[in-house]
Amino acid sequence: MLDMKFVRDNVDLVRRKMLERGQDIDVSRFSTLDQKRRDILREVEALRNERNTVSKEIGRLKKNKEDASLLIERMGEVSSRIKSLDEDLKDTETTLNEMIMIIPNVPHESVVYGEGADDNPVIRTWGEKPSFDFEPKPHWDIGEDLGILDFARGAKITGARFTLYWGLGARLERALINFMLDLHTMDHGYTEVLPPFMANSHSMTGTGQLPKFEEDLFKVEGTDYYLVPTAEVPVTNIHNGEIVDEKDLPLYYVAYTPCFRAEAGSYGKDTRGLIRQHQFNKVELVKFSKPETSYDELEKLTLNAEEVLKRLNIHYQTVSLCTGDLGFSSAKTYDIEAWMPGQGAYREISSCSNFEDFQARRAGIRYRKEGSGKVDFAHTLNGSGLAVGRTVVAVLENYQQKDGSVIVPDVLIPYMNGVDRITSVK
RNA sequence: GGAGAGAUGGCUGAGUGGCUGAAAGCGAUCGCCUGCUAAGCGAUUGUACGCCCCAAAAGGUGUACCGGGGGUUCGAAUCCCCCUCUCUCCGCCA
């Protein structure tokens with residue numbers, strides 16, 4: 001969430017920034033309500049002050065066996081007045097809170113204006129599109145022909161958008177997870193964590209999934225628990241409500257988790273294959289940083305994610321999301337899009353964001369400055385490093401051979417127990 | 001699932017209605033002292049919000065916060081109710 005004081009003092013700016021995102025938000029109503037809140041607060045605090053002072057006096061009188069009944073009677077009135085003002089205050093704060101919690105983050109100044117995904121500028125590209133002397137197949141055909149991806153049985157076991165992996169397909173997924181974790185822990189300096197795969201509503205609110213995007217989540221019936229839609233939720237909330245020392249920043253965490261998404265509103269989109277599943281695996285990078293360095297950290301994090309594709313030798317491009325395509329909590333996001341020859345398109349395989357203090361303010365993630373001892377909100381960042389299922393797609397489509405087999409990229413061979421080619425088991 | 005015990009500041013841990021934002025100790029920071037180190041001495045050491053002041057920082061002042069929510073009371077860390085979490089024992093279990 002945004003800083004209430006910032007919104008209060010920058011009503012026009014905030015409104016303009018939200019319009020750039022394509023959202024018309026009634027910021028002036030917020031401002032009015034905030035003024036009301038402060039008016040009530042001033043009055044109720046003055047009354048409390050009176051009550052505190054007089055109550056001490058009552059205590060003193062009683063101790064001396066003097067009569068305090070007049071004061072007690074008066075304070076009874078003051079107390080009931082406080083009580084009613086408190087209710088007003090609570091209502092106002094609840095409304096105010098509801099409003100601020102659904103206002104998205106302010107885009108960073110470097111984010112270009114645009115209405116949607118088509119307006120995202122390409123920042124850089126790496127590698128080249130592979131050439132084939134045959135018609136490259138989409139991964140769903142490759143996977144089914146090899147017998148490693150079983151969409152029909154996934155649907156039978158659970159439903160649409162669930163997939164069963166067989167044999168070397170399952171091993172490829174596992175190999176990628178391990179390869180990514182090893183790369184980020186050993187070469188990029190991240191600490192590996194294995195968090196819970198469910199998170200409560202408090203955590204979900206901290207990272208911004210709630211209250212606005214509940215329909216995207218799977219909730220466990222009869223509990224306050226949700227299946228995590230990304231490791232961002234449990235890992236960012238590691239430091240929920242904490243004050244960390246400046247000397248410990250930046251913190252780098254990497255986590256493997258499955259991710260569960262309801263994909264409400266994506267009906268008919270990417271219905272075939274692994275691209276859009278209700279359950280998929282992801283290796284996630286999460287950083288906590290000082291405000292001054294968070295944009296440097298975003299660049300580094302994005303390069304860390306890109307390194308996975310470089311080592312797999314898969315062509316990709318990196319785009320910077322424009323204002324209209326930016327996620328709710330993010331101030332700036334780079335998407336890495338891998339080339340998928342079977343689909344003849346670049347597909348998002350990673351999304352790397354700087355949330356600045358937006359999540360930190362919601363989740364109460366702060367740090368204590370070394371010199372002054374002051375506390376301030378940390379900046380949080382995260383990025384996929386990478387989405388594993390989509391990386392399987394990229395490997396299958398980029399490394400497919402004319403005979404239907406798939407060459408295993410060199411870096412993965414050790415993780416595949418020496419297997420260098422996936423051939424049909426049929 | 002059954003029975004019980006707990007939750008207090010960075011940590012340990014006092015505190016059963018007013019003099020407690022909170023003893024004491026530890027830790028930390030600053031200063032003093034001592035050839036160095038260690039020890040010692042002194043001071044400081046929570047967060048949020050409001051108001052005043054202000055260019056800002058600093059400062060002043062008020063309110064709230066002793067797991068969360070509600071209640072009793074002139075007044076609650078302290079009494080009552082509900083919830084959450086932690087621990088111990090029993091049962092079950094990968």
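Values in this document were obtained by computation on a predicted structure and should not be read as measured data.
- Within the model, atoms NZ of A:K287 and CG of A:L301 stand 5.0 Å from one another, a figure rounded to the nearest 0.5 Å.
- Taking only side-chain nitrogens and oxygens, A:R37 comes nearer than 4.0 Å to OP1 or OP2 of B:G50.
- The A:L41 side chain lies nearest to B:C49 when the options are B:A48, B:C74, B:C49.
- For A:E45, taking side-chain heavy atoms from C-beta onward, the closest of the listed nucleotides B:A58, B:C19, B:G50 is B:G50.
- The environment of A:E115 atom CD is sparse: at most 12 non-hydrogen atoms of other residues, nucleotides or ligands sit within 6.0 angstrom.
- In the set B:U47, B:A64, B:C74, B:A64 carries the atom at the smallest distance from any side-chain atom of A:R48.
- Of the candidate nucleotides B:G46, B:G50, B:A48, B:G46 has the atom lying nearest to any side-chain atom of A:R368.
- Across B:A48, B:C19, B:C74, the shortest atom-to-atom separation from the side chain of A:M75 is found for B:C74.
- When the shell of 6.0 Å around CZ of A:R29 is examined, it contains 12 or fewer heavy atoms from other residues, nucleotides or ligands.
- Comparing atom distances between the A:K83 side chain and each of B:C74, B:G50, B:G71 picks out B:G71 as nearest.
- Between the C1' atoms of B:C65 and B:U78, the separation comes to 16 Å (whole Å).
- Ring-plane geometry between A:H188 and A:H184 is classed as tilted, the angle between the planes lying from 30 to 60 degrees on a 0 to 90 degree scale.
- Only the P atoms considered, B:A28 is 34 Å distant from B:G69, to the nearest whole Å.
- Look at the P atom in both B:C19 and B:C32: the space between them is 38 Å, to the nearest Å.
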Determine, for nucleotides 77-86 of chain B in 5'-to-3' order, which nucleotides have protein heavy atoms under 4.0 Å from the base (write B), from only the sugar-phosphate (write S), or from neither (write -).
--------S-
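- For the atom pair CG (A:D335) and CD (A:E348), the distance works out to 4.0 Å, reported to the nearest 0.5 Å.
- Rounded to whole Å, the C1' atom of B:G17 lies 30 Å from the corresponding atom of B:G10.
- Using a cut-off of 4.0 Å between Lys/Arg side-chain N and Asp/Glu carboxylate O, A:E232 and A:K282 are scored as not salt-bridged.
- The pair A:D3-A:K5 does not meet the salt-bridge criterion, since no charged nitrogen lies less than 4.0 angstrom from a carboxylate oxygen.
- Salt bridge annotation for A:K90-A:E93: absent, with no cationic side-chain nitrogen under 4.0 angstrom from a carboxylate oxygen.
- Here A:M1 contributes atom CE and A:T205 contributes atom OG1; the two are 11.0 Å apart, rounded to the nearest 0.5 Å.
- Between A:K56 and B:C74 there is no side-chain N or O to OP1 or OP2 distance below 4.0 Å.
- Contact between the side-chain N/O atoms of A:R38 and the OP1/OP2 oxygens of B:C49 is not found at any separation under 4.0 Å.
- Residues that satisfy the side chain to side chain donor-acceptor pair (under 3.5 Å) test with A:E306, not counting sequence neighbours, are A:R124, A:Y316, A:T318.
- Across the P atoms, B:A77 and B:A22 are found 12 Å apart, a figure rounded to whole Å.
- Residue A:N52 places at least one side-chain N or O under 4.0 Å from the OP1 or OP2 atom of B:A64.
- Phosphate proximity of B:U29 to A:K369: absent, as no side-chain N or O sits under 4.0 Å from OP1 or OP2.
- Contact annotation: A:N49 side-chain N/O to B:G62 OP1/OP2 distance is not under 4.0 Å.
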Reading 5' to 3' and counting Watson-Crick or G-U wobble pairs with both distances under 3.5 Å, write the dot-bracket notation for RNA chain B, | for bases paired outside the strand.
((((((((.[[[..)..(.....]]]((((((.......))))))(((((((......))))))).[[[[[..)....]]]]])))))))....
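- The side chain of A:K90 contributes an N or O atom lying less than 4.0 Å from OP1 or OP2 of B:G70.
- Remark: A:S79 is in phosphate contact with B:G75, judged by side-chain N or O atoms under 4.0 Å from OP1 or OP2.
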